[in-house]
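Written below as structure tokens is the structure these notes are about.
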Amino acid sequence: MTLTRTVRLSADNGLHARPAVRVTQLVRSFCSAVEISLDAAGPWIDAGSIVKLMAARLLPGSLVHLRATGTDAEAALAALVSLLEDGPSDGEKPSNPSGH
């Protein structure tokens, strides 16, 4: 199953190093492959790769497109949308309701 979502990035400084690590940790906690893009048509990058995520230079207020493929795609996208809308913080641990 492949699902997509669109969300506005709320992190004050965009996805610089620490928030990007929060995102990759969350993404890697799911079984599904999760990708991110600044354009609905792509190019898509692996949201579990800190190097690729940092290279995307996602700025505050950016509209980002998310795509997840796999058995827990819905849960992965819900958790990632929540994290991106709330702004990744350094003090919280990512939550994974699916337990993977």
Exercise. Going through the checks in order, is the side-chain contact (heavy atoms from CB on, under 4.5 Å) test met by Thr4 and Leu66?
Worked result: CA-CA 5 Å; Thr4 60; Leu66 308 170; over 6 Å; no

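With sequence neighbours excluded, no residue forms a side chain to side chain contact (heavy atoms under 4.5 Å, CB included) with Ala33. Partners of Thr2 by side chain to side chain donor-acceptor pair (under 3.5 Å), not counting sequence neighbours, listed by chain and number: Thr69.
Here Ile50 contributes atom CD1 and Arg28 contributes atom CZ; the two are 7.5 Å apart, rounded to the nearest 0.5 Å. Taken to the nearest 0.5 Å, the CG atom of Leu84 stands 6.0 Å off from the CD1 atom of Ile36.
In this structure the side chain of Leu53 never reaches within 4.5 angstrom of the side chain of Val27, judged on heavy atoms.
With side-chain heavy atoms closer than 4.5 Å counting as contact, directly or through intermediates, Leu63 stands alone and belongs to no larger hydrophobic cluster.
The side chain to side chain donor-acceptor pair (under 3.5 Å) contacts involving residues 53-66 comprise Thr6-His65, where partners must be two or more places apart or lie in separate chains. Sorted by first and then second residue, the side chain to side chain donor-acceptor pair (under 3.5 Å) pairs with a member in residues 31-54 read Ser32-Asp72, Glu35-Arg67; sequence neighbours excluded.
Hydrophobic clustering places Val34 together with Val7 (ILVMFWY residues linked when any side-chain heavy atoms are closer than 4.5 Å, directly or through intermediates). The hydrophobic cluster containing Leu26 does not contain Met54, counting ILVMFWY residues as joined when their side-chain heavy atoms lie under 4.5 angstrom apart, directly or transitively. Under a hydrophobic-cluster definition in which Ile, Leu, Val, Met, Phe, Trp and Tyr are linked whenever side-chain heavy atoms come within less than 4.5 Å, directly or via other members, Leu83 and Val21 are assigned to different clusters.
Taking both residues in full, the closest heavy atoms of Val23 and Ala47 are given as CG1-O, 4.2 Å, listed atom of the first, atom of the second, then distance.
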